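All residue numbers in this chain count up from 1 along the given sequence. Below, each value reflects all heavy atoms present in this structure, side chains not excepted, and no hydrogens, waters or symmetry copies. Computed from a predicted structure; not experimentally measured.
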Amino acid sequence: MRTVGVVQARMGSTRLPGKALADIGGQPLIAWTLDAMTAVRGLDGLIVAITDEPGDDELAAFVVAQGHRLHRGSTHDVLTRCWEAVEPLRPDVIVRETADNPFVDPEIVAAQVRHLVEGGYDYVGTAGWPLGIAAEVASATALGSAVIEATDAAEREHVMPFLYARPERFRIGSLAPASPPPAGRFTVDTVDDLAFARAIAQRIGGHGPTTIAELGAILADEPALTDLNRGVRQKAWQESER
């Protein structure tokens, strides 16, 4: 069973341009994400999928300089971009992460992969976890069907909705937390999210990856930190990022 991770990234975010290389604790945001994904036990490969826009050239150079595989592809058809990135590695299972998430917990992601494989699921998502902590995991067979069949622009932009919007066709799994996770928003979409991420990184010290337990301990000690990005509205997948 071959498991491959893909981290999608771009510099052209509409709400926070350049966020993939924004400084968090002395390192670019994407470096935290990549360190976390590299630490996921059981991954047989990891590749970064960015756009072929000239504005992503700096991001591409950073990824390559860090020793990671790189694929460049469509700006808006992210489903195809991610598929073309992982398909040459012949995966059975695909783990999708975004460079919005500096505090991914590698143990949770590994558990998601095990849950998908052991349960025979087509998709295991982030339900039950705070935003930015987990990943999306899919069988290559199911995601390959999405690549061929998805026609809705939002489904192609957000990669996985073709699967989880069709529970009558695909087996959808969920990895429930053993105990209630900390309340917080650990993804970076806005300047308020970036302020929160920098505050968390300052308290972690050093460089990721981190764990949900460590994040929970920080917020238990300083619950007011969540006020930094409490008012940020998460866009629904049906809303385009263009």
Ring centers of Tyr121, Phe170 separated by less than 6.0 Å =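 No - the distance between ring centres of Tyr121 and Phe170 does not fall below the 6.0 Å cut-off.
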
Given side chain to side chain contact (heavy atoms under 4.5 Å, CB included), test Met37 with Leu34 step by step and report yes or no.
-> CA-CA 5 Å; Met37 290 297 289; Leu34 292 173; 5.5 Å; no

Between [atom1] of [X] and [atom2] of [Y], what distance do you get to the nearest 0.5 Å?
| X | Y | atom1 | atom2 | answer |
| --- | --- | --- | --- | --- |
| Met160 | Thr126 | CE | OG1 | 11.0 Å |
| Lys19 | Asp189 | NZ | CG | 4.0 Å |
| Glu222 | Ile200 | CD | CD1 | 8.0 Å |
| Asp122 | Leu116 | CG | CG | 7.5 Å |
| Ile30 | Ile24 | CD1 | CD1 | 11.5 Å |
| Leu29 | Thr33 | CG | OG1 | 5.0 Å |

Side chain to side chain, [X] and [Y], heavy atoms closer than 4.5 Å:
| X | Y | value |
| --- | --- | --- |
| Trp83 | Val6 | no |
| Leu46 | His68 | yes |
| Arg185 | Phe196 | no |
| Pro209 | Trp32 | no |
| Val93 | Met1 | yes |
| Leu21 | Glu58 | yes |

Distance-minimising heavy-atom pair for [X] and [Y]:
| X | Y | value |
| --- | --- | --- |
| Gly119 | Arg171 | O-NH1, 2.6 Å |
| Ala9 | Leu59 | CB-CD2, 3.9 Å |
| Thr211 | Asp105 | CA-OD2, 3.3 Å |
| Phe62 | Ala31 | CZ-CB, 4.0 Å |
| Ala195 | Leu228 | O-CD1, 4.1 Å |
| Gly45 | Arg69 | CA-NH1, 4.0 Å |

May I have the step-by-step check of side chain to side chain contact (heavy atoms under 4.5 Å, CB included) for Ile50 and Gln8, ending in yes or no?
-> CA-CA 6 Å; Ile50 70 172; Gln8 71 180 65; over 6 Å; no

Please lay out, stage by stage, how Val40 and Val95 fare under the test side chain to side chain contact (heavy atoms under 4.5 Å, CB included).
-> CA-CA 10 Å; Val40 175; Val95 181; over 6 Å; no

Working for side-chain hydrogen bond (donor to acceptor under 3.5 Å, both in side chains), residues Gln27 and Asp23 = CA-CA 5 Å; Gln27 295 286 341; Asp23 182 87; over 6 Å; no

Give a yes or no answer on whether the side chain of [X] reaches the backbone of [Y] with a donor-acceptor pair at less than 3.5 Å.
| X | Y | result |
| --- | --- | --- |
| His71 | Val86 | no |
| Trp129 | Ile212 | no |
| Thr226 | Pro223 | yes |

Assess whether atom CZ of Arg90 is packed by more than 12 heavy atoms of other residues, nucleotides or ligands within 6.0 Å.
->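 12 or below, so no.
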
hydrophobic_cluster_shared for Val232 and Phe186, side chain cutoff 4.5 Å = no

Are Val147 and Val78 linked, directly or through other ILVMFWY residues, by side chains that come within less than 4.5 angstrom of each other?
->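 Yes; Val78 is reachable from Val147 via cluster members.
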
Could you pull out every donor-acceptor pair under 3.5 Å between side chains of residues 130-141 and any protein atom, sequence neighbours left out?
residue	atom	partner	partner atom	Å
Glu136	OE1	Arg96	NH1	2.4
Glu136	OE2	Tyr123	OH	2.5
Ser139	OG	Ala142	N	3.1

Pair [X] + [Y]: basic N to acidic O under 4.0 Å:
| X | Y | answer |
| --- | --- | --- |
| Arg2 | Asp92 | no |
| Arg166 | Glu155 | yes |
| Arg203 | Glu214 | no |

Partner residues of Asp227 under the salt bridge (Lys or Arg N to Asp or Glu O under 4.0 Å) criterion, sequence neighbours left out | Arg230

Show your working on side-chain hydrogen bond (donor to acceptor under 3.5 Å, both in side chains) between Asp100 and Thr187 and close with a plain yes or no.
-> CA-CA 6 Å; Asp100 306 320; Thr187 193; 4.5 Å; no

Derivation of the side-chain hydrogen bond (donor to acceptor under 3.5 Å, both in side chains) call for Thr75 and Arg10 | CA-CA 8 Å; Thr75 299; Arg10 63 173 182 154; over 6 Å; no

Give the intermediate values and the outcome of side-chain hydrogen bond (donor to acceptor under 3.5 Å, both in side chains) for residues Asp192 and Thr190.
-> CA-CA 5 Å; Asp192 290 342; Thr190 70; 4.8 Å; no

What do the steps show when you test Arg72 against Glu84 for salt bridge (charged side-chain N to carboxylate O under 4.0 Å, His left out), and what is the final call?
-> CA-CA 9 Å; Arg72 302 189 71 168; Glu84 289 176 347; over 6 Å; no

Where do Ser74 and Arg156 land on the side chain to side chain contact (heavy atoms under 4.5 Å, CB included) test, with the steps shown first?
-> CA-CA 11 Å; Ser74 173; Arg156 300 204 72 91; over 6 Å; no

